[in-house]
Colleague: 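Encoded as structure tokens, here's the structure I'll be asking about.
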Amino acid sequence: MKINPRTYEAYKLLHDGILAISKAEQQGIRVDMEYVEAKKIGLTRKIDRLEDEFKVTNFFKHWQHTSRGKVNIHSNEQLAHYIYDIKKIKVESETDSGQGSTNEEALLNLNIPELNLLLEVRKLKKIRDTYLDAFAREQVNGYIHPFFNLHIVRTYRSSSDSPNFQNIPKRDETAMQIVRRALFPRPGHQLIEVDYSGIEVRVAACYHKDETMLKYLRSDYDMHGDMAAQIFLLDKYEKSKHYTLRQAAKNGFVFPEFYGDYYGNCAPSLACSWGKLPNGKWNRGEGIEIDTSNYTLGDHLIAKGISSLSQFENHIKKIEADFWGRRFADYANWKDTWYRLYQKYGYIDLLTGFRCSGIMGKNDSINYPVQGAAFHCLLWSFIEVSKALEAGGFDSKLIGQIHDSMILDILPSELEDVKKVIRKITTEDLMNAWKWLIVPMDVDIEACPIDASWAEKSKI
DNA sequence: GGAACTCGCCAC
DNA sequence: AAACGTGGCGAGTTCC
């Protein structure tokens, strides 16, 4: 049987990939079990205290009083029934199945102070029961060996389990500190993480080849800064003053739009992050300062003639039209063409030789090939780094991977050499291996001090 | 008593 | 016309 060379190349990537990954899995990550056990006890104490505090509130007493059986304060079904059926509070947001929502956002919107206790308990239980328990359960002789699967995900990305090493808390400072404090390198070593910067945006550009996007990616021009200026009506974007707004533009508009979201979702979520008053006007007193004075974003937008959410939504609608109609018109055209091709043939082919078939919506057909090929850049690099470390007789080892990054356990005296090896592979060698990569690639490297936990990672 | 479901929440 | 992509996992719950 004749095999398409592209298919063979894809097969080979998974074959070499799983070999490199299995070596990392064997290596494992050290866990401080004394710390884990002590922390679990501490968290349990805190959780018990918060639960006791909750159980003497009028809110709980009424909930229990109106309930047939014994209330389980961790049952969202019971909570939703009490809030929306018994207390008859209007449902503002629903779950996928159409029930009244009890997630954090929904509960905060109810403005019931007692519920903050429940939310705090949820956070602590998540840390204890999902992360610390998993480390304790999965560790063997003080090391966990997370699995990294290449055969699960529809997009040909990876997944991880037992324990999942790809969703360790990072953004929430408290959760991050508690959980990452449990993970260590081998004695005398240090942990480092190497991640590709903006890899999905770059890989997407290799599909659509949008002229404006290529310019952004091949130069120092700042796409998110430009979008911040447009969205927040700044005369001139200045990194020192407007960095928060740049983050808001990036995470509240640009990325959601790339994933297929639209202004109807983006505008309200952008707006609520700096405080919209109940009457729909901007809150003058609070919000993000856009310069060093007390002049807030609310003040600024009102001055620019946007004083209500509906005006802001209309503003974002226009920006979206400009975003896809003018700024990234080639990109938008590619999305249409690409989806039509899927509809015609029933499958899509990735730049890395993989084929996705099955039922897909438009967003799926656009996102799958990007997500998959972006991960394959990481996987290719992971394989090459694994081979290079072995061939070079290094004692530094790969220990894991998180979609666009690799994590290593480093012998400090090898750090500089390992960094050189990695930089060459991830930038030069990858570009040479895959000619479809038409924009430069770049990696950020973060490191922990010697013998320090993974909570102490910082840019180097 | 386990499979399968919903919901919430962690990551990229 | 529709409207954010991919996972893993714990707890509660229901089904068989």
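We name chains A, B, ... by the order of the sequence lines, and we start the count at 1 in each one.
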Colleague: Ring pair (Phe, Tyr, Trp, His ring centres under 6.0 Å) with Tyr207(A): which residues, sequence neighbours excluded?
Modeller: Trp334(A), Trp338(A)

Colleague: Fit a plane to each ring of Phe258(A) and Phe323(A), take the angle between them on a 0 to 90° scale, and name the class: parallel (under 30°), tilted (30 to 60°) or perpendicular (over 60°).
Modeller: tilted

Colleague: Is the ring pair Phe54(A)/Phe59(A) parallel, tilted or perpendicular, if the boundaries are 30 and 60 degrees?
Modeller: tilted

Colleague: Applying side-chain hydrogen bond (donor to acceptor under 3.5 Å, both in side chains), can you list everything that pairs with Glu446(A), at least two apart in sequence or on another chain?
Modeller: Lys457(A)

Colleague: Name all pairs fulfilling the side-chain hydrogen bond (donor to acceptor under 3.5 Å, both in side chains) condition that reach into residues 362-375 of chain A, sequence neighbours left out, sorted by first residue then second.
Modeller: Thr155(A)-Gln371(A), Asp336(A)-Lys362(A)

Colleague: Side-chain polar contacts of residues 132-140 of chain A - donor-acceptor pairs under 3.5 angstrom, sequence neighbours left out - could you list them?
Modeller:
unit_1    : atom_1 : unit_2    : atom_2 : d
Asp133(A) : OD1    : Lys40(A)  : NZ     : 2.7
Gln139(A) : OE1    : Gly142(A) : N      : 2.8

Colleague: At 4.0 Å (heavy atoms only), tell me whether Ser162(A) reaches a base, stays on the sugar-phosphate, or touches nothing.
Modeller: sugar-phosphate

Colleague: Taking only N and O in the side chain of Gln371(A), is any of them less than 4.0 Å away from OP1 or OP2 of dG7(C)?
Modeller: no

Colleague: Would you call the rings of His376(A) and Phe354(A) parallel, tilted or perpendicular, taking 30° and 60° as the class edges?
Modeller: parallel

Colleague: Going by heavy atoms closer than 4.0 Å, what residues in residues 13-32 of chain A are next to DNA chain B?
Modeller: none

Colleague: Check DNA chain C against residues 139-155 of chain A and give the residues with a non-hydrogen atom under 4.0 Å, in numerical order.
Modeller: Ile152(A), Val153(A), Arg154(A), Thr155(A)

Colleague: Under the rule for side-chain hydrogen bond (donor to acceptor under 3.5 Å, both in side chains), what residues qualify as partners of Ser381(A), not counting sequence neighbours?
Modeller: Tyr196(A)

Colleague: Would you say the side chains of Thr102(A) and Glu77(A) form a donor-acceptor pair under 3.5 Å?
Modeller: no

Colleague: Once each nucleotide of nucleotides 2-11 of chain B is scored for protein heavy atoms under 4.0 Å, what B/S/- sequence comes out, 5' to 3'?
Modeller: ----SSSBBS

Colleague: Of all residues at least two apart in sequence or in a different chain, which pass the ring pair (Phe, Tyr, Trp, His ring centres under 6.0 Å) check with His189(A)?
Modeller: none

Colleague: Kindly state each residue pair satisfying side-chain hydrogen bond (donor to acceptor under 3.5 Å, both in side chains) with at least one member in residues 45-56 of chain A, sequence neighbours excluded.
Modeller: Glu51(A)-His74(A)

Colleague: Tell me which residues in residues 61-74 of chain A put a heavy atom below 4.0 Å from DNA chain C, sorted by number, or none.
Modeller: Asn72(A), His74(A)

Colleague: Which nucleotide wins on minimum distance to the side chain of Asp161(A), given the candidates dC9(C), dT13(C), dT6(C)?
Modeller: dC9(C)

Colleague: Would you mind reporting whether Glu120(A) and Leu124(A) have side-chain heavy atoms less than 4.5 Å apart?
Modeller: yes

Colleague: List in numerical order all residues of residues 334-358 of chain A for which some heavy atom is under 4.0 Å away from an atom belonging to DNA chain C.
Modeller: none

Colleague: Please work out if Tyr263(A) contacts a base, only the sugar-phosphate, or nothing of the nucleic acid, heavy-atom cut-off 4.0 Å.
Modeller: nothing

Colleague: Are OP1 or OP2 of dG10(C) and a side-chain N or O of Arg137(A) less than 4.0 angstrom apart?
Modeller: yes

Colleague: Heavy atoms only, 4.0 Å cut-off, all strands: where does Asp261(A) land among base, sugar-phosphate and nothing?
Modeller: base

Colleague: Quick one: is the NZ or CZ of Arg355(A) closer than 6.0 Å to the six-membered ring centre of Tyr347(A), and within 45° of its axis?
Modeller: yes

